[in-house]
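The structure appears right after this line, and notes come after that.
As a basis for the values below, the full set of heavy atoms in this structure was taken, side chains included, without hydrogen atoms, waters or symmetry mates. In what follows, residues are counted from 1 in the order of the sequence shown.
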Amino acid sequence: MKKISLTLFITLFSLISLKSFTQPVVALDNWFNRETNPKTGQLYHYLWTDTAWSGYSRWGEIFKGKGAVITTIEKPAADVLKNINVYIIVDPDTTTESKSPNYITPEDAKTIASWVKKGGVLAVLANDAPNCEFTNLNRMMSQFGITFNHVTLHPVPGTNWEMGACTNLPNHPLFKDVSKIYIKEVSSISLTRNARPVLVENGNVLIAECNYGKGYVFAIGDPWIYNEYIDHDRLTPDFENRKAAENLASLLLEKVKKYPGAPGTFKPLPKEKTLQAMVLANKYFMEKWPDVGKTIITDRERPSNIWTRGTYYEGLMALYKIKPDPSYLDYAIKWGEFHKWGLRNGITTRNGDDQCCGQTYIDLYLMDTTKKERIRDIKACIDNMISTDKIDDWSWIDLIHMAMPVFARLGAVYNDNRYFDRLFEMYMFTKTKHGDNGLYSTKDHLWWRDKDFDPPYKEPNGRNCYWSRGNGWVLAGIVRTLEWLPQNSPYRDEFVKTYREMVDALLECRRYDGFWNVSLHDPSHFGGKELTGTSLFTYGIAWGINNGILDPKKFKPIVEHSWKALVEDCLHPNGFLGYVQGTGKEPKDSQPVGYDRVPNFEDFGLGCFLLAGSEVYKLK
């Protein structure tokens with residue numbers, strides 16, 4: 001009795017808390033499935049909290065990696081269901097599994113159907129005939145035209161994994177990029193009304209779905225993707241159940257029409273709040289770094305004109321354009337003057353990281369073209385590069401942001417196509433030549449950070465490794481180049497095409513809380529809120545809206561949602577920014593990331609944040 005009371009307390013506490021969430025809520029049933037471990041007496045089997053092979057902890061991590069909130073509920077009363085968006089019922093108990101099963105009553109069935117009809121998303125993962133209570137489950141499921149049959153398909157003795165294999169997979173979101181799955185001992189499904197098959201094998205329906213009112217129902221006759229069979233703990237590497245589990249999570253979340261805080265369902269931050277957030281974050285940094293020339297000391301000492309600080313000044317200049325505070329301009333000019341408008345490693349450097357500061361140097365030169373010293377060294381550096389035939393310098397994608405906009409600015413300032421020609425040659429070499437076949441995936445429309453991460457390198461879930469901030473650098477680099485590229489440039493179409501492809505790809509892997517994970521295609525690999533990649537994507541997409549490339553009806557709610565998340569979830573009252581992944585080149589670097597965790601460099605994250613805010617501020 002004490003255990004049940006504690007569980008009930010936790011459930012009620014969770015539901016009270018859920019009312020304040022601005023993310024979709026995914027609830028797992030622990031009423032109809034309520035088994036206790038005979039050894040420990042604790043609730044277990046198909047639960048988020050069960051980390052053994054019998055649990056759903058890994059699938060829960062996938063949902064969380066997509067920005068959803070996971071919880072567990074007991075009896076699904078109407079006042080409970082109204083606070084959740086996705087409800088998952090798994091393998092309702094038989095008398096063999098529980099001495100006193102909580103059967104699905106007619107009242108439960110009516111309540112659940114009413115909730116689905118209003119827009120709820122129901123997923124039922126049943127079991128084969130001997131292991132699942134079908135009578136009452138089917139009474140509920142018949143409302144949706146779905147009935148689980150008293151049969152057992154795919155019996156798998158021992159480790160004969162191929163007996164549970166499905167390879168003839170249909171063109172359905174559940175099986176995107178999936179060629180082989182494993183389902184063991186599954187019941188078939190009979191369909192009526194508007195229910196439709198998803199996976200059929202030898203005339204037997206194994207997976208089905210239906211729309212019901214404003215809601216959606218998914219059904220499979222097996223618990224399927226619990227910990228034992230989601231990865232390769234036991235299965236051979238050719239099975240792709242994890243990819244299917246990720247796809248199922250995405251499918252269910254995409255069926256959620258509305259949730260508190262969803263794009264288009266909330267009030268975006270007013271312009272004054274956006275500006276206040278930018279000013280506050282910048283004030284924190286300027287007060288912490290009053291000496292513009294002070295060296296940056298982390299694992300070693302570095303000058304303050306490296307790329308991290310250069311990125312900050314890009315953001316500061318963007319802030320200055322919408323709030324021309326003389327102290328901002330003075331801060332930037334003093335920085336350039338301290339460094340004598342020079343580059344780390346001088347004018348002979350070919351390293352794009354060294355050249356990042358040149359973007360702000362040139363911007364400040366254009367504010368006073370009598371100050372030739374502001375542009376002297378960065379021009380000399382780039383001139384040294386275009387005087388040679390070497391075009392393979394940008395061997396990691398960060399440099400598309402660090403250096404390419406410098407070439408574009410010089411081309412515009414001096415009306416000299418040589419800078420445009422060379423930036424395009426170098427960009428295309430990075431895109432199509434570096435690594436095995438270029439660092440841009442023509443299939444996924446995202447970028448590998450460098451040759452070390454293109455195939456066959458994979459993330460833990462078996463998918464390609466696309467680092468969030470690396471792709472953010474590219475998106476920002478493209479838009480900051482397009483700003484200066486002549487309208488009649490022969491290179492504009494290529495940049496706009498790749499930009500559009502990237503934006504569409506990014507929307508597919510965006511979290512439901514407005515953020516992007518550090519690993520764009522593996523939500524469980526250090527998944528969670530992260531500021532820099534999210535800020536760069538928000539900046540790049542907002543820029544596309546403001547410059548007539550993207551449809552504001554589709555994309556404006558997205559960037560407003562992400563910007564609001566950045567401000568409300570990352571910005572501290574004193575202006576410090578949380579959830580910043582420090583320096584690195586892949587998802588695992590500078591981890592963990594957190595609200596209170598101070599990154600090794602605070603400057604470039606702020607720069608990304610200011611760039612995003614500046615473009616969101618301009619939205620009409």
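Between the side chains of E97 and H45, no donor N or O sits under 3.5 Å from an acceptor N or O. A donor-acceptor contact closer than 3.5 angstrom is absent between the side chains of N138 and S142. Side chain to side chain, K458 and N464 meet the donor-acceptor criterion of an N or O pair below 3.5 Å. No side-chain N or O of T534 forms a donor-acceptor pair with one of R510 less than 3.5 Å apart. Inspection of the S468 and E530 side chains reveals no N or O donor paired with an N or O acceptor under 3.5 Å. Judged purely by distance below 3.5 Å, without hydrogens or angles, the side chains of R196 and N211 pair a donor atom with an acceptor atom. Judged purely by distance below 3.5 Å, without hydrogens or angles, the side chains of E560 and S562 never pair a donor atom with an acceptor atom.
The shortest distance between side-chain heavy atoms of K529 and C570 does not fall below 4.5 Å. F537 has its side chain within reach of L475: a pair of non-hydrogen atoms, C-beta onward, lies under 4.5 Å apart. Looking at heavy atoms from C-beta onward, V124 lies in side-chain contact with F148 at the 4.5 angstrom threshold. Under the 4.5 Å side-chain criterion, counting only non-hydrogen atoms from C-beta, Y56 is not in contact with L47. Residues L169 and V178 have side chains in contact (heavy-atom distance under 4.5 Å, counting atoms from C-beta outward). By the 4.5 Å heavy-atom criterion applied to side chains, R511 and N517 are counted as neighbours. Counting only heavy atoms from C-beta outward, the side chains of N227 and S57 approach each other to under 4.5 Å. Counting heavy atoms from C-beta on, the side chains of M140 and I89 come closer than 4.5 Å.
Side-chain atoms of D513 do not come within 3.5 Å of backbone N or O of A565 as any donor-acceptor pair. Remark: the backbone N or O of L446 is not paired with any side-chain donor or acceptor of D444 at under 3.5 angstrom. A donor-acceptor pair under 3.5 Å links the side-chain atoms of N160 to the main chain of P157, judged by distance alone. The main-chain N or O of N33 is found under 3.5 Å from a side-chain atom of N30 such that the two form a donor-acceptor pair. Between the side chain of N136 and the backbone N or O of T105, no donor-acceptor pair lies under 3.5 Å. E459 contributes no side-chain N or O that, together with a main-chain N or O of P523, makes up a donor-acceptor pair within less than 3.5 Å. Judged by distance alone, with hydrogens and angles left aside, the side-chain atoms of R469 form no donor-acceptor pair with the main-chain N or O of L531 at under 3.5 Å. Proximity of a side-chain donor or acceptor of K556 to a complementary backbone N or O of A542 within less than 3.5 Å is not detected. Put simply, the side chain of D231 never gets that close to the backbone of D233: no donor and acceptor are under 3.5 Å apart. Judged purely by atom type and a 3.5 angstrom limit, E133 uses its side chain to pair as donor or acceptor with the backbone of T135.
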Check the pair Y46, Y226 against ring-ring contact (aromatic ring centres under 6.0 Å, His included), reporting the backbone distance first and the verdict last. CA-CA 7 Å; Y46 312 132; Y226 49 103; 5.4 Å; yes

Kindly determine whether K243 and N461 satisfy side chain to side chain donor-acceptor pair (under 3.5 Å), including the steps that lead there. CA-CA 7 Å; K243 289 185 182 179; N461 70 344; over 6 Å; no

Which is it for I88 and V86 under the side chain to side chain contact (heavy atoms under 4.5 Å, CB included) test, yes or no, and what are the steps along the way? CA-CA 7 Å; I88 301 173; V86 178; 4.1 Å; yes

Going through the checks in order, is the side chain to side chain contact (heavy atoms under 4.5 Å, CB included) test met by Y539 and V559? CA-CA 8 Å; Y539 165 61; V559 295; over 6 Å; no

Evaluate the ring-ring contact (aromatic ring centres under 6.0 Å, His included) criterion for residues W563 and F609: first the C-alpha distance (whole Å), next the side-chain angles of each, then the deciding distance (0.1 Å), finally the verdict. CA-CA 9 Å; W563 174 247; F609 181 81; 4.8 Å; yes

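Across N127 and C132, no two heavy atoms sit closer than the pair CB-CB, 3.6 Å. When all heavy atoms of T111 and A77 are compared, the closest pair comes out as CG2-C, 4.1 Å. Pairing each heavy atom of P587 with each of Q581, the nearest pair is O-NE2, 3.3 Å. Smallest separation of non-hydrogen atoms from P170 and V198: CG-O, 2.9 Å. Between Y229 and N241 the shortest heavy-atom distance is O-ND2, 2.8 Å. What you find for V593 and S590 is that their closest heavy atoms are CG2-O, 3.9 Å.
Counting non-hydrogen atoms of other residues, nucleotides and ligands closer than 6.0 Å to NZ of K117 gives a total of 12 or fewer. A 6.0 Å sphere centred on CG of N168 holds no more than 12 heavy atoms belonging to other residues, nucleotides or ligands. Around the NZ atom of K588, the shell of radius 6.0 Å holds no more than 12 heavy atoms that belong to other residues, nucleotides or ligands.
For the atom pair CZ (F526) and CD (Q591), the distance works out to 5.0 Å, reported to the nearest 0.5 Å. A distance of 11.5 Å separates CD1 in I558 from CG in L550, rounded to the nearest 0.5 Å. With values rounded to the nearest 0.5 angstrom, I73 atom CD1 is found 9.0 Å from L28 atom CG. To the nearest 0.5 Å, atoms CD1 (I183) and CD (E201) are separated by 8.0 Å. To the nearest 0.5 Å, atom CG of residue D177 and atom NE2 of residue H521 are 8.0 Å apart. Note: Y212 OH to S114 OG = 8.0 Å, rounded to the nearest 0.5 Å.
Here the two rings, on H232 and F239, have centers that are 6.0 Å apart or farther. Residues Y182 and H154 keep their aromatic ring centres 6.0 Å or farther apart. For an aromatic pair to be called close, the ring centres must be under 6.0 Å apart, and Y466 with W447 fails this.
Each of R234, R58, K184 was scored for a salt bridge (charged side-chain N to carboxylate O under 4.0 Å, His left out) with E228, with one residue passing: R234. Of the options N204, N149, N202, a side-chain hydrogen bond (donor to acceptor under 3.5 Å, both in side chains) to S188 is made by N149 and by none of the others.
Of the charged side-chain nitrogens involved, at least one lies within less than 4.0 Å of a carboxylate oxygen, so that R463 and E246 count as a salt-bridged pair. For the pair E508 and K176, the salt-bridge criterion is met [side-chain N within less than 4.0 Å of a carboxylate O]. Ion pairing between a basic and an acidic side chain is recognised when a charged N comes within 4.0 Å of a carboxylate O; R34 and D29 show no such pairing.
The aromatic rings of W59 and F63 lie tilted to each other, with the angle between the two planes from 30° to 60°.
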